[in-house]
Amino acid sequence: MSRKIVVTSALPYANGAIHIGHLVEYLQTDIWVRFQKLAGNECMYFCADDTHGTPVMIRARAEGITPEELINRVHSEHLGDFTGFGIEFNNYYSTHSEENRLFSEQLYKHAVDNDSISKRDIEQAFCESCDMWLPDRYIRGICPRCKAEDQYGDSCDMCSGTHQPTELIDPKCANCGASPVRKKSTHLFFKLADYGDRLKELIKNGYVQTSVMNKLDEWFSSGLRDWDISRDGPYFGFKIPGEENKFFYVWLDAPIGYMASCKNYCDKNGLDFETLWNSEEYELYHFIGKDIMYFHALFWPAMLISAKMKTANKLFVHGFLTVNGQKMSKSKGTFIKAATYLKHLDPEYLRYYYLSKLTGGVEDIDLSFEDFTAKINSDLVGKLANMASRSGPMLTKKLGAMLGKLDDEGRELIGKLQAAKESIMADFESLNYASASRQISGLADICNKYIDQKQPWTTIKTDEETTRTTLTVVINAVKILTIYLKAALPGYAEKIEQFLGVEPLTFADVETVLEDRKINKFVRLVERVDKEKVEAMVEESKEDIGVPQAEENQVEEVKLDEPLEPECTIEDVMKVDLRVAKVVSAELVEGANKLLHLELDLGALKKSVFAGIRKAYKPEDLVGKTVICVANLKPRQMKFGLSEGMILAAGPGGEEVFMLGIDEGAKPGMRVH
RNA sequence: GGCGGCGUAGCUCAGCUGGUUAGAGCGUGGGAUUCAUAAGCCUAAGGUCGGUGGUUCGAGUCCACCCGCCGCUACCA
């Protein structure tokens, strides 16, 4: 029986561009949504821009436009980015919409009726020159603890301590630099604690992954606090009914934006919103990052419970993206915007890469450019695309583009691929895409072995029909693997569908077999990753930001061919025992093209070392030379013998190797300090 | 500081409820091939599973402590 599913991704804020970190979530979600559809389920995907709040207001002011103009522009930019990456929303809406206003007012009214709203005064910073209340983020000053300058109102980057904005020394408005004043104001609070038991119940029943549950336990045990849901004007948002100059805090109406987007879609398409959003007929899932767990696991369901509405079946929480093992950095050029990526690289690369990394857990995932290039080039191009490329053209050029029939052996191979279907589908369902991609990759290995073993390039010379059978098997294998990958690589799949001359494939087609039919001309499926394009993308990401802090007269950043190793201690250095050594003999190594075999004299002892310096040094030039060697390196068994040390040399390798010498007078065996 | 997560081959990561010689892909060395997007196949080397101690017949897997990294710490969007 097919399922009916509604899915959302977190709403990106309308104050900045989509970057590759955001895309982890949207691609994770999009792959899941596409998977559900391919599996024969009905699945709808809703999202929207999160448009309200102080940052949007400030940004619009800075650009001299209205907030509406800003959010309209950003909306189309965001949508363009998503479309560029093949992310297919049923509706990409905005929180600044009538639907959202109505729902926000409705949910608020329910909360009021349930006596879940309280009022009390709070003191907050107000900038008189900007005529605006300042969130903590918009107050800068000196950290009360470590006295670092220019720190946020709530936390200090230098000592990583947290503090109250009132404690900040010499506070300034981050916007205009004026000193803010403290003013009292009445705020509305949602009494979250009233919903504690029901939230615990929800979470106990599998609302989130277990690791997320642990985190939530922490919050529960420290007690749920009331949630400030109002902001004083001027504020870009919805006015709170019955209040003077008060607006809903942006986080109140943001998740409601999911509903608004769904409602807007339903109205445009003649569907019943109540059925889609609020009935048991449809499952509901939210995909979010771990930073907004609090809102989605506590506030949001509490508000829905208060309004007697359905809560989601499950929250799928994912981790953050690091690039080359570190936080995305504007100065390093790893803060890569979606639009910048698209100028240089194929979006399907990133879709495949994230597929290969995502596990459904909350751990961060790392995008290493080296790994990225290797994975795409070897897995996607070398294994998968190449499979099609080594069968398709032969079939079209030499065998009239006609498929034959599978033989027993072929059926066995195809059977193996078909048998993996359930397990691969289970991986997609549970968001363990990495596991799915490993399975698929393993299947491609089996197929490539089959091709090697069958040698169609040999049999074609003598036996066309046997060759046709072999290639028919391969084409059918390609078809199945394409289905397995299609959720992640829709563009790739489409090319193969055209090549095979078939209707759009789904998981149901895994069981069907293509026989005795014509196929179309083979087109290249995917290009290899060009390292230079990756570099160009990183370069451009640096330029996006401009040269940072040039006026600070900072130490010029050194650019090395090989990046600097992490800082080490003197103890680390002392572990390496460097000794002066004299080359006693040097000879070529039979069968090796990079190695020289050296005998070294270290005074009291001798060492036999294999060094990869053959392209740079001739054996006869080395004998008698004094070099520096690592004397306590663990001996390594090489094919040609045991290497007991390592000669110090500089350079990238090959012909460019430069050995370290030492000044006159040093004797073999002396330690280098 | 408190809390959560992580630390497994050069790199990126799998290892379910503890159970035979710890796995994959990439990379590296060697070999046989050449249909294919310099791809594919065979084969070798490479890990005291962050450290120490403990529970157990048996621990990468459980417990304690320590070290290192990341994140959260709620009126921040």
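Every heavy atom of this structure was used, including side-chain atoms; hydrogens, water molecules and symmetry mates were not. Proteins get letters first, then strands, A, B, ... in listed order; numbering begins at 1 in each.
- Residue contacts shown for A:Phe295 include a base, since a base heavy atom lies under 4.0 Å away.
- Atom CG in A:Leu252 sits roughly 13 Å away from atom C1' in B:C75 (whole-Å rounding).
- Among B:U37, B:C41, B:A77, the nucleotide with an atom closest to any side-chain atom of A:Val381 is B:U37.
- Contact annotation: A:Tyr249 side-chain N/O to B:A77 OP1/OP2 distance is under 4.0 Å.
- Using a 4.0 Å heavy-atom distance criterion, A:Ser378 is classed as a sugar-phosphate-only contact.
- Looking at heavy-atom distances under 4.0 Å, A:Ala374 makes contact with sugar-phosphate atoms alone, never a base.
- Using a 4.0 Å heavy-atom distance criterion, A:Val526 is classed as a base contact.
- Here the nucleotide nearest the side chain of A:Met394, chosen from B:A77, B:C35, B:U37, is B:C35.
- One C1' atom belongs to B:C70, the other to B:C63, and the distance between them is 24 Å to the nearest Å.
- Secondary structure note: stems in RNA chain B built from 3 or more consecutive Watson-Crick or G-U wobble pairs under 3.5 Å occupy B:1-7 with B:67-73, B:10-13 with B:23-26, B:28-31 with B:41-44, B:50-54 with B:62-66.
- Residue contacts for A:Asp379: at a heavy-atom cut-off of 4.0 Å it reaches the sugar-phosphate backbone alone, with no base atom in range.
- Side-chain to base pairing of A:Asp452 with B:G40: one donor and one acceptor N or O lie within less than 3.5 Å of each other.
- Checking B:G71, B:A77, B:U37 against the side-chain heavy atoms of A:Arg231 singles out B:A77 as nearest.
- Among the atoms of the strands shown, base atoms are found under 4.0 Å from some heavy atom of A:Leu525.
- OP1 or OP2 of B:C13 has not a single side-chain nitrogen or oxygen of A:Arg438 nearer than 4.0 Å.
- Ranking B:G5, B:C35, B:A39 by closeness to the A:Ile451 side chain, first place goes to B:C35.
- A close approach under 4.0 Å does occur between a side-chain nitrogen or oxygen of A:Lys449 and OP1 or OP2 of B:C42.
- Side chain of A:Lys383, nearest nucleotide from B:A77, B:C35, B:G25: B:G25.
- Among the heavy atoms of the strands lying under 4.0 Å from A:Pro55 are primed sugar atoms or P, OP1, OP2 only; no base atom is included.
- Other residues, nucleotides and ligands contribute more than 12 heavy atoms inside 6.0 Å of the NZ atom of A:Lys191.
- Nearest to the side-chain atoms of A:Trp457 among the listed nucleotides B:U33, B:U37, B:A36 stands B:U33.
- Closest to the side chain of A:Thr359, out of B:A14, B:A36, B:A77, is B:A14.
- Here A:Gly53 lies out of heavy-atom contact (under 4.0 Å) with every strand.
- At a cut-off of 3.5 angstrom, counting only N and O atoms as typed in the model, there is a donor on one side and an acceptor on the other between the side-chain of A:Trp251 and the base of B:A77.
- A:Leu489 pairs in a side-chain contact (heavy atoms from CB on, under 4.5 Å) with only one of the listed residues (A:Tyr484, A:Tyr352, A:Tyr349), which is A:Tyr352.
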